[in-house]
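Notes follow once the structure below has been shown.
Side chains are part of it too, since the values below use all heavy atoms of this structure and drop only hydrogens, waters and symmetry mates. Letters A, B, ... are given to chains in the order of the sequence lines, protein chains preceding strands, and every chain is numbered from 1.
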Number of protein chains: 2
Amino acid sequence: MVDGTQRKPTRIQRQKRELIREAALDVFSLHGFRGATLDQIAENAGLSKPNLLYYFESKEAIHAELLDRLLDTWLDPLRELDADGDPLTEIRGYIQRKLEAARDFPRESRLFANEIIQGAPRINAELAGPLRDLIQEKSVVLRRWMDEGRLAKTDPQHLIFAIWAVTQHYADFDVQVRAVLGSDDEARFHDAAATIEALFFKGLLPR
Amino acid sequence: MVDGTQRKPTRIQRQKRELIREAALDVFSLHGFRGATLDQIAENAGLSKPNLLYYFESKEAIHAELLDRLLDTWLDPLRELDADGDPLTEIRGYIQRKLEAARDFPRESRLFANEIIQGAPRINAELAGPLRDLIQEKSVVLRRWMDEGRLAKTDPQHLIFAIWAVTQHYADFDVQVRAVLGSDDEARFHDAAATIEALFFKGLLPR
DNA sequence: TGGTCTTTTGACCAATTGGTCAGAACGCTA
DNA sequence: TAGCGTTCTGACCAATTGGTCAAAAGACCA
């Protein structure tokens, strides 16, 4: 058996485990944990179900590993926000990175969304821990910028939520966006970036 | 059997069907269609499974009826946007209504979100039809306001998406928001409203 | 009170689910 | 090429799933 505590994973083990993660990401991100089946994942990966279970202990184990790798990826764009940079440039860059993440990793975004919507049973601790801490830390930076008069005053935490919301929307609600706009990826994300930027920086008041 | 084509539903039929809808909304909104089970719904409603199936033909039938009733509720706040009103007042009111909907009907919001994230297999037609049409219609209004110089120029469709995103976020990602902010409902939604309004109307530029 | 229609139930079913296991096939190195 | 650890498979299992059915229980009106 492929034991996590074992010494060196073989080349095949590394390849197949990655193959399974890929396939599982497809299925979990589309159906959520309970809606996904091992048969679907196995077929998607081109393996038999017992073979799949040779590489992962259980359905939960696959899902857990995906979520585990996800959170860091998900928070990295915010970590990059530089306390010593120019406020508007930093926020602009952050929005940009988040929107690129939504475009390039929509499955990861949906996996995360599924988990949260369903009450985050498996990552509640991460939300209350690392995620909360990071937001608090960056909120301090944002608030300082506001106090220094370099950024309009608002609630920093809600500001971060707003940025998450408008960017992740383009990954999580992709079908809806496509239904309205059509499916030209480039135009969609370009226009989205322009709109979000205009909105956040100039607001809706006519100039 | 309770037949949809039947003449008059009895009092019991009306009550029990409503009871089932309520219970099913709980379960579907938390687990999505595939993740929800009839047993859960039945128990939640305080009925036996066969009894539940006496009132609804199938699991799909319950889900379909919920989605059916949902879309109108969901789009009504946008319908109310008055082409003859004052642009900023109208948009402010729309944001307000959407945020209230997120606060008062989070299960409905999550049911919708689950459906969309999972590819909208059951309401694709509604997205491409009524939803798309309504957005197009209101986009014309928004664009006219922009052309008249009464509203900053942006892409109207993406503006609507942004409003949806920031408001529904507080229903769909509730656990995450709570994990960061704590669970004081009143403060949460009050601060959210203030932040969104400041953001949308004044932007982030220091004044 | 009896009769009829509605509502509810327990027992049941086939299909699907996550997971096991013994052994066959494979692949690498001595 | 023999041997041995790794990889893979088919057959299988118990639990859960959505759904059926005949018959019992309840409600309501003559």
Side-chain angles (χ1 to χ4, degrees), chain A residues 1-28 30-67 114 118 121-122, chain B residues 1-28 30-67 114 118 121-122:
Chain A
M1 224 263 290
V2 174
D3 182 349
T5 65
Q6 202 176 319
R7 280 298 155 90
K8 303 230 168 178
T10 66
R11 174 184 48 91
I12 291 181
Q13 279 170 21
R14 263 182 283 113
Q15 286 176 350
K16 289 286 165 76
R17 283 178 63 96
E18 184 51 37
L19 184 73
I20 292 168
R21 267 184 230 112
E22 263 297 304
L25 182 53
D26 271 351
V27 179
F28 280 132
L30 199 55
H31 300 296
F33 180 77
R34 296 200 44 185
T37 72
L38 285 180
D39 293 277
Q40 283 176 306
I41 298 172
E43 188 185 340
N44 204 313
L47 298 176
S48 68
K49 189 166 59 172
N51 197 185
L52 183 153
L53 285 163
Y54 170 72
Y55 290 102
F56 282 90
E57 222 181 20
S58 65
K59 185 183 174 184
E60 288 237 29
I62 310 176
H63 193 249
E65 205 168 300
L66 286 177
L67 279 183
N114 259 314
Q118 304 187 0
R122 294 154 223 278
Chain B
M1 224 263 291
V2 175
D3 183 349
T5 63
Q6 203 174 321
R7 280 298 155 91
K8 302 232 169 178
T10 66
R11 174 184 49 91
I12 291 181
Q13 279 170 20
R14 261 181 285 114
Q15 286 175 351
K16 289 286 165 77
R17 283 177 63 96
E18 184 52 35
L19 183 74
I20 292 168
R21 268 183 230 113
E22 263 297 306
L25 182 54
D26 272 350
V27 179
F28 280 132
L30 200 55
H31 299 296
F33 180 77
R34 296 199 45 183
T37 72
L38 285 181
D39 293 277
Q40 284 176 307
I41 298 172
E43 187 184 340
N44 204 314
L47 298 176
S48 68
K49 189 165 58 170
N51 197 11
L52 183 152
L53 285 163
Y54 169 71
Y55 290 103
F56 281 91
E57 223 181 20
S58 65
K59 184 183 175 185
E60 288 237 28
I62 309 177
H63 193 249
E65 206 169 299
L66 286 177
L67 279 183
N114 259 313
Q118 304 187 1
R122 295 154 223 279

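Among the protein residues, B:A36 comes within range of the sugar-phosphate backbone only, with heavy atoms under 4.0 Å from sugar or phosphate atoms but none that close to a base.
B:F28 places a side-chain heavy atom less than 4.5 Å from the side chain of B:K59. Annotation: side chain of B:N114 is in contact with side chain of B:Q118 (closest heavy-atom distance under 4.5 Å). Residues A:R14 and A:E18 form no side-chain contact, since every pair of their non-hydrogen atoms from C-beta on lies 4.5 Å or further apart. Contact of the A:H31 side chain with the A:V27 side chain is registered, since non-hydrogen atoms from C-beta on lie closer than 4.5 Å.
Judged by distance alone, with hydrogens and angles left aside, B:K49 brings a side-chain donor or acceptor within reach of the base of D:dG18, the pair sitting under 3.5 Å.
The two residues B:A45 and B:L19 have their closest heavy-atom pair at O-CD2, 3.3 Å.
Taking every side-chain heavy atom of A:R34 into account, D:dT17 is the closest of D:dT17, C:dG19, D:dC21. Each of D:dG19, D:dT7, C:dT9 was ranked by its minimum atom distance to the side chain of A:K16; first place goes to D:dT7. Distance from the side chain of A:P50 is smallest to D:dA11 among D:dT17, D:dG19, D:dA11. For B:S58, whose side chain is taken as the heavy atoms from C-beta onward, the closest listed nucleotide among D:dG19, D:dT7, C:dT17 is D:dG19.
The shortest distance between the side-chain N/O atoms of A:Y54 and the OP1/OP2 oxygens of D:dC8 is not below 4.0 Å. Note on B:Q13: every side-chain N or O is 4.0 Å or more away from OP1 and OP2 of C:dT6. Listed pair A:S48 / D:dC8 fails the phosphate criterion, with no side-chain N or O lying under 4.0 Å from OP1 or OP2. Contact check, B:N51 against C:dT9: a side-chain N or O comes under 4.0 Å of OP1 or OP2.
For the pair B:D39 CG and D:dG19 P, the interatomic distance rounds to 11 Å; values are reported in whole Å. Regarding A:K59, its NZ atom lies at a distance of 12 Å from the C1' atom of C:dT16, rounded to whole Å. The NE2 atom of A:H31 sits 15 Å away from the C1' atom of C:dT16 (whole-angstrom rounding). Nucleotide D:dA11 holds its P atom 18 Å from the CG atom of A:L53, rounded to whole Å. A:E43 places its CD atom 14 Å from the P atom of D:dT9, with the value rounded to the nearest Å. At whole-Å resolution of the value, CD1 in B:I41 and C1' in D:dT17 are 12 Å apart. Atoms CD (A:Q40) and C1' (C:dG18) sit 13 Å apart, rounded to a whole Å.
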